[in-house]
S.K.: 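After the structure tokens below, expect a handful of questions from me.
No experiment lies behind these values; they were computed from the predicted model shown.
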Amino acid sequence: MSHPRPASPTGTARQTPDFLTMWRDLAPLGRHATSGGYRRYAWGGADRECRAWFREQAELRELAYEVDRNGNQWAWYGVRGWAEAGPGEAVVTGSHLDSVPDGGAFDGPLGVVSAFAALDRLLERGAVPTRPLALVNFGDEEGARFGLACVGSRLATGRLTPADAAQLRDADGITLPAAMEAAGYDPDTLGPDPDRLSRIGAFVELHVEQGRSLDLTGDPVGIAGSIWPHGRWRYDFHGEANHAGTTRLGDRRDPMLTYAGTVLEARREAELAGAVATFGKVAVEPNGVNAIPSLVRGWLDSRAPDQASLDAVTSAVEAAARTRAARDGISLDVVRESFTPVVEFHRALGAELGRILDAPGMPPVPVLGTGAGHDAGILADSVPAAMLFVRNPTGVSHSPAEHATEDDCLAGVEALTDVLEGLACV
């Protein structure tokens, strides 16, 4: 349903959808009929539909809509665009709308839908932002299509150069610039955006928790303290293709065996270090049922509470893989494709969120660490950044089983509204 809202920045009455209506409207976009998961890949058809939805929500609220040089979408209240915000003045909230393959409904979209709903709630309260306020949808956060996460925020902060971005290709060989151009965006503008970032005084990203910490404590909302260091490594196991039915076991150079042993070793080392390590993607050549592979390419994702633990895990996994490869007659190449060091969110901003959200006589809102990367983590070196988490009762994420209850989602909207009021209306 729709509700009448207070006047927009232009002073006209508006009719805008509430959280649940926005959620229902967004839900069908990019949802796969068989898996029930989402396939919203950067610059593809479903992603374009989501981006059109974001623009429509901005226009319904008469916000100043724009796309920055890196394809990130912005909707501004109170100013006609980022250029009218002074240094460190703007308060920004939002997340992303793209997904991993067959991902869940909440990872990313919850933060974007909640941003619009929180703005509406803020105005319903009669609060008037005295600082520039913006909502954002960062492009290609998941990295599902081009293999690198947080492309939009990495480009904006300079952590990804235009030259390196131009080399990113999807499984069909389409480059990132070509995909952007096909979607109607100009890839020639890609690059660092320090002027825009300098105008942001606070960025707060609301996100579904990707774990069960809040479920275990019984809290609907938490504050992020840090993001674990994490990275992605590509393992290329080169063997010899041969006939599966006629080649003696002792004559084989089968890279699948080496790969399988490495997967098990990654699990063992992660358990020893209190970390996580996952081979979640694999490509096989020639990929025939009756053929011994010539190449097995696997991608390792590893994360740990601290850098020393992460180094211990990844070094041990590589050493074990090389030992096994030598025994199996396999050659091995290991390439680190991405890496993000530990991210400590802005202490003063996090403390301010705690001050705003902590209720008298109640336990303080919990502060959590997380092993998941986010745009807020990329931005944290450039702007004061913080995160809010909404309880996930199953702890499942990057899956159709990802879930948050309606009550907890609305509690997240209220918490974000309180934060925006505290930061932007003083």
S.K.: When you measure from the side chain of Ser99 to the backbone N and O of Arg40, does any donor-acceptor pair fall under 3.5 Å?
M.R.: yes
S.K.: Heavy-atom distance under 4.5 Å between the side chains of Pro366 and Leu214, does that happen here?
M.R.: yes
S.K.: Is the shortest side-chain N to carboxylate O distance from Arg61 to Asp120 below 4.0 Å?
M.R.: yes
S.K.: Has Asp172 got a side-chain atom pairing as donor or acceptor with Ile174's backbone, closer than 3.5 angstrom?
M.R.: no
S.K.: Under a 3.5 Å cutoff, is there a donor and acceptor pairing between the side chains of Asp68 and Trp74?
M.R.: yes
S.K.: Find the distance between CG (Asn290) and CG (Asn242) and round it off to the nearest 0.5 Å.
M.R.: 11.0 Å
S.K.: Quick check on side-chain contact (heavy atoms from CB on, under 4.5 Å): which of Thr262, Val263, Val317, Val334 does Leu300 satisfy it with?
M.R.: Val317
S.K.: Which residue pairs satisfy the ring-ring contact (aromatic ring centres under 6.0 Å, His included) criterion with at least one member in residues 296-317, sequence neighbours excluded?
M.R.: none
S.K.: With sequence neighbours left out, which residue pairs that include part of residues 268-292 fulfil the ring-ring contact (aromatic ring centres under 6.0 Å, His included) condition?
M.R.: Tyr235-Phe279, Tyr259-Phe279
S.K.: Does Asp408 use its side chain to pair, donor to acceptor, with the backbone of Pro220 at less than 3.5 Å?
M.R.: no
S.K.: When you measure from the side chain of Glu205 to the backbone of His374, do you find a donor-acceptor pair of N or O atoms at a distance under 3.5 Å?
M.R.: no
S.K.: Whether the side chain of Arg154 engages the backbone of Ile378 through a donor-acceptor N/O pair (distance < 3.5 Å, no angle test) should be reported.
M.R.: no
S.K.: Using the side-chain hydrogen bond (donor to acceptor under 3.5 Å, both in side chains) rule, collect all pairs that involve residues 218-228, keeping only residues at least two apart or in two chains.
M.R.: Thr217-Asp219
S.K.: Please report the closest heavy-atom contact between Arg24 and Pro28, naming both atoms and the distance.
M.R.: O-CD, 3.2 Å
S.K.: Would you find a donor on one side and an acceptor on the other, under 3.5 Å apart, between the side chain of Arg131 and the backbone of Glu89?
M.R.: yes
S.K.: With sequence neighbours left out, write down each residue that passes side-chain hydrogen bond (donor to acceptor under 3.5 Å, both in side chains) with Arg297, or none if nothing qualifies.
M.R.: Asp236
S.K.: Quick check against the 3.5 Å criterion: does Arg252 have a side-chain atom that pairs as donor or acceptor with the backbone of Ala244?
M.R.: yes
S.K.: Which ring-ring contact (aromatic ring centres under 6.0 Å, His included) pairs, counting each pair once, include a residue from residues 182-204, with sequence neighbours left out?
M.R.: Trp43-Tyr185, Phe138-Phe203
S.K.: Applying salt bridge (charged side-chain N to carboxylate O under 4.0 Å, His left out), which residue pairs with at least one partner in residues 335-351 are found, sequence neighbours left out?
M.R.: Arg234-Glu337
S.K.: Between Asp301 and His230, does any side-chain donor sit less than 3.5 Å from a side-chain acceptor?
M.R.: no
S.K.: Going by distance alone, is a donor N or O of one side chain under 3.5 Å from an acceptor N or O of the other, for His207 and Asp107?
M.R.: yes
S.K.: Taking it one step at a time, do Arg159 and Thr340 satisfy side chain to side chain contact (heavy atoms under 4.5 Å, CB included)?
M.R.: CA-CA 10 Å; Arg159 294 175 64 171; Thr340 303; 3.9 Å; yes
S.K.: With sequence neighbours left out, what residues match Ser309 under side-chain hydrogen bond (donor to acceptor under 3.5 Å, both in side chains)?
M.R.: Asp306
S.K.: Do the side chain of Ser302 and the main chain of Thr278 share a donor and acceptor less than 3.5 angstrom apart?
M.R.: no
S.K.: For a quick test of reading the model, state the closest non-hydrogen atom pair linking Ser35 to Pro400 and the distance between them.
M.R.: O-CG, 3.7 Å
S.K.: For Glu285, give me all partners under side chain to side chain contact (heavy atoms under 4.5 Å, CB included), at least two apart in sequence or on another chain.
M.R.: Ser294, Leu295
S.K.: Specify the closest pair of heavy atoms between Pro162 and Leu190, including all atoms of both residues, with the distance to one decimal.
M.R.: CG-O, 3.3 Å
S.K.: Please confirm whether the backbone N or O of Leu97 pairs with a side-chain atom of Asn137, one donor and one acceptor, at under 3.5 Å?
M.R.: yes
S.K.: Report the C-alpha distance between Thr314 and Phe339 in whole Å, list the side-chain angles of each, state the deciding distance to 0.1 Å, and finish with yes or no for side chain to side chain contact (heavy atoms under 4.5 Å, CB included).
M.R.: CA-CA 12 Å; Thr314 55; Phe339 173 72; over 6 Å; no
S.K.: Let me check something: any side-chain donor-acceptor pairs from residues 139-152 under 3.5 Å, sequence neighbours excluded? List them with distances.
M.R.:
residue : atom : partner : partner atom : Å
Asp140  : OD1  : Gly143  : N            : 3.4
Glu141  : OE1  : His96   : NE2          : 3.2
Arg145  : NE   : Asp170  : OD2          : 2.9
Arg145  : NH1  : Ala42   : O            : 2.9
Arg145  : NH2  : Asp170  : OD2          : 3.0

S.K.: Spell out, as yes or no, whether a donor-acceptor pair under 3.5 Å connects the side chain of Arg253 to the backbone of Gly329.
M.R.: yes
S.K.: Taking atom types as modelled, find out whether Asn392 and Thr394 have a side-chain donor-acceptor pair closer than 3.5 angstrom.
M.R.: yes
S.K.: Does any non-hydrogen side-chain atom of Leu110 lie less than 4.5 Å from one of Ser95?
M.R.: no
S.K.: Identify which one of Val390, Thr417, Leu206 satisfies the side-chain contact (heavy atoms from CB on, under 4.5 Å) criterion when paired with Ser114.
M.R.: Leu206
S.K.: Which residues pass the side chain to side chain contact (heavy atoms under 4.5 Å, CB included) test with Arg268, sequence neighbours left out?
M.R.: Glu265, Leu272
S.K.: Kindly give the heavy-atom pair with the smallest separation between Pro17 and Leu60, and that separation in Å.
M.R.: CD-CD1, 3.8 Å
S.K.: Looking only at heavy atoms, what is the nearest atom pair of Ile227 and Phe345, with distance?
M.R.: CD1-CZ, 3.5 Å
S.K.: How would you list all residue pairs meeting side-chain hydrogen bond (donor to acceptor under 3.5 Å, both in side chains) that involve residues 316-326, not counting sequence neighbours?
M.R.: Glu318-Arg322, Arg324-Asp328
S.K.: So which heavy atom on Ala270 is nearest to which on Val313, and how close?
M.R.: CA-CG2, 4.2 Å
S.K.: List the residues meeting side chain to side chain contact (heavy atoms under 4.5 Å, CB included) with Arg212, not counting sequence neighbours, and say none if there are none.
M.R.: Asp215, Leu216
